[in-house]
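Structure record follows, encoded as structure tokens.
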Amino acid sequence: LRQHGMAECNTAHIPYRTGYPIDRIQCPPKNELLDAEFVTKYQSLMGGLTWLYISTRPDLGVAIKLLSSHNHRPGSGHMDSARTVLKYLKGSASRGIRFTSIGYDQKLTSYFRYPEADVDTTTSYCDANWGPQDASHPIEGLEEMITVEECRSLQGCICVRMGGAVAWRIARELRVSRSTCESEIRATDDCCKLTQGLRLLLTDLRLSDVLAPTKLLNDNRGTVDWSNGWANRLMRHINIRGMAVRDAREHKEITVEHIDGKRNPADLLTKEHKAGETFTYLCEVVVPLRDDGGCWQNTTNPSTGQTTDVPVI
């Protein structure tokens, strides 16, 4: 915030600008010469935000994924949206991932409202947003501006253990899916790969998680049925890549089960949430607020008397 002159900015309750889908922000014309200093500043900002997303803030993922795709040719609208993310960070600096070994104590972590999660094992969640980000509420007059890129679904997955997220991923599919179910199957495959990689790490750590299949939850009933070996003739076109999920299930590495869409924390990683209530609810699950209202505290060095800010773990 200080680096980009936003230390004293107003706060925002979500990292998105209402009424301005990031995918619909216009890029400068190809024949327009860009200001090199502006582009460098934008790329620097996106680099810092990406570091935060990778490290401890999965709630920034969708905004960062969409904005960073314009690193090569950003416009003023992209910079305005990136500044909105900074405003959101100003108002949510006390959010972070929490872990506990005490058990199902809601005071310590809000994640345990989810009965699907076991405190002693890993649970994975996946979701996909089929089609454009504003498909449910298209902006009037912008229908003709839909591009192939924005019709490619965003896929998100998150793995949790001991009350906190330990791995997460957001990806944009390479080819446009022909249905919601198809995009969800691809998201499930991506989550399956992340889960299998995590299971290898858990094996090295000699944790008991790998003694049983890892539960993988998705909110699309057709995807769950398909993953468990059932499919109607309309799903026969799913390629070999998707079959890896069934293969992992048959090897007892995962089990694929259904979860209600409103209770799926992976929804945080797949779409721009214009409804602040939904976004805040999911944040309280994945990156809850600290009880003391901050992630930093003042510490004085007894030998020098100098006071510095250090992160609270």
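Every heavy atom of this structure was used, including side-chain atoms; hydrogens, water molecules and symmetry mates were not. Everything quoted here is computed from the prediction, not taken from an experiment.
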### Task
To the nearest 0.5 Å, tell me how far Trp168 CH2 sits from Leu269 CG.
9.5 Å
### Message
Working note: Asp59 + Tyr88, criterion side chain to side chain donor-acceptor pair (under 3.5 Å); need CA distance, chi angles, decisive distance, verdict.
### Response
CA-CA 11 Å; Asp59 53 320; Tyr88 167 69; 2.6 Å; yes
### Message
Restricting to non-hydrogen atoms, name the atom on Thr270 and the atom on Asn129 that form the minimum distance, rounded to 0.1 Å.
### Response
O-CB, 3.2 Å
### Task
Under the side chain to side chain contact (heavy atoms under 4.5 Å, CB included) rule, collect the residues that match up with Ala187, sequence neighbours excluded.
Ala128, Gln155
### Query
Which distance, rounded to the nearest 0.5 Å, do you find between the OH of Tyr53 and the CE of Met46?
12.0 Å
### Task
Would you check if the side chain of Gln196 reaches a backbone N or O of Ala248 as a donor-acceptor pair within less than 3.5 Å?
no
### Query
Taking a hydrophobic cluster as the set of Ile, Leu, Val, Met, Phe, Trp and Tyr residues connected by side-chain heavy atoms closer than 4.5 Å, whether directly or through intermediates, do Leu194 and Val286 fall within one such cluster?
no
### Task
Rounded to the nearest 0.5 Å, what's the gap from CG on Leu66 to CD1 on Ile22? Could you check?
5.0 Å
### Query
Does a donor on one side chain sit under 3.5 Å from an acceptor on the other, for Thr195 and Ser124?
yes
### Task
Check the side chains of Thr214 and Arg199 for a donor-acceptor pair under 3.5 angstrom, ignoring hydrogens and angles.
yes
### Task
Give a yes or no on this: more than 12 heavy atoms of other residues, nucleotides or ligands lie within 6.0 Å of atom CZ of Arg221.
no
### Query
Can you tell me if CG on Leu174 sees more than 12 non-hydrogen neighbours from other groups inside 6.0 Å?
no
### Option among Asp127, Leu216, Val224 that satisfies the side-chain contact (heavy atoms from CB on, under 4.5 Å) test with Thr188
Leu216
### Task
Over all heavy atoms of both residues, which pair between Met243 and Trp226 is shortest? Give the atoms and the distance, please.
N-CH2, 3.9 Å
Ignoring hydrogens and angles, write down the donor-acceptor pairs under 3.5 Å from the side chains of residues 1-8, residues two or more places apart or on other chains.
from : atom 1 : to    : atom 2 : distance (Å)
Gln3 : NE2    : Ser44 : OG     : 3.4

### Distance-only polar pair, side chains of Arg172 and Ser69, donor-acceptor under 3.5 Å
no
### Task
May I have the step-by-step check of side chain to side chain contact (heavy atoms under 4.5 Å, CB included) for Met79 and Leu45, ending in yes or no?
CA-CA 9 Å; Met79 181 63 85; Leu45 173 54; 4.0 Å; yes
### Message
Listing request: all ring pair (Phe, Tyr, Trp, His ring centres under 6.0 Å) pairs with a residue in residues 170-206, at least two apart in sequence or in separate chains.
### Response
none
### Query
Hey, what do you get for NE2 (His78) to CZ (Arg83), rounding to the nearest 0.5 Å?
13.5 Å
### Message
Is there a side chain to side chain contact (heavy atoms under 4.5 Å, CB included) between Leu60 and Leu89? Walk through the geometry before answering.
### Response
CA-CA 9 Å; Leu60 303 178; Leu89 284 176; 3.9 Å; yes
### Task
Report yes if some heavy atom in the side chain of Ile185 is under 4.5 Å from a heavy atom in the side chain of Val245; otherwise report no.
no
### Query
Any idea which heavy atoms bring Pro58 and Ile97 closest together, and the distance?
CD-CD1, 4.2 Å
### side chain to side chain contact (heavy atoms under 4.5 Å, CB included) assessment of Glu184 paired with Asp219
CA-CA 9 Å; Glu184 295 280 4; Asp219 56 21; 3.5 Å; yes
Distance-only criterion, 3.5 Å: show the donor-acceptor pairs between side-chain atoms of residues 32-42 and protein atoms not counting sequence neighbours.
from  : atom 1 : to    : atom 2 : distance (Å)
Asp35 : OD1    : Glu37 : N      : 3.0
Thr40 : OG1    : Ala36 : O      : 2.9
Tyr42 : OH     : Leu67 : O      : 2.8

### Message
Minimum heavy-atom separation for Ser183 and Trp130, please, with both atom names.
### Response
OG-CB, 3.8 Å
## Note on the structure
Here the gap from Leu201 atom CG to Thr122 atom OG1, rounded to the nearest 0.5 Å, amounts to 9.0 Å
### Task
Considering non-hydrogen atoms only, spot the tightest contact between Val287 and Arg95 and give its length.
O-NH1, 3.1 Å
### Query
Crowded around Asp204 CG? As in, over 12 foreign heavy atoms under 6.0 Å?
yes
### Task
Ignoring hydrogens and angles, tell me if any N or O in the side chain of Arg73 forms a donor-acceptor pair with the backbone of Cys27 under 3.5 Å.
no
### Query
Asn264 side chain to Asn218 main-chain N or O, any donor-acceptor pair under 3.5 Å?
no
### Query
Hey, does Leu207 have a side-chain heavy atom less than 4.5 Å from the side chain of Arg161?
yes
### Query
If you take all heavy atoms of Arg17 and Gly77, which pair is closest and at what distance?
NH2-O, 3.5 Å
### Summary
The reported gap from OG1 in Thr223 to CG in Asp189 (rounded to nearest 0.5 angstrom) is 11.5 Å
#### Entry: Counterpart residues, side chain to side chain contact (heavy atoms under 4.5 Å, CB included), relative to Val176 (two or more places apart)
Val148, Cys151, Arg152
### side chain to side chain contact (heavy atoms under 4.5 Å, CB included) between Leu154 and Lys271, intermediate numbers included
CA-CA 7 Å; Leu154 272 188; Lys271 60 179 68 69; over 6 Å; no
### Query
With a 4.0 Å cut-off, would you call Arg186 and Glu182 a salt bridge?
yes
### Those residues that, when tested against Leu200, pass side chain to side chain contact (heavy atoms under 4.5 Å, CB included) (two or more places apart)
none
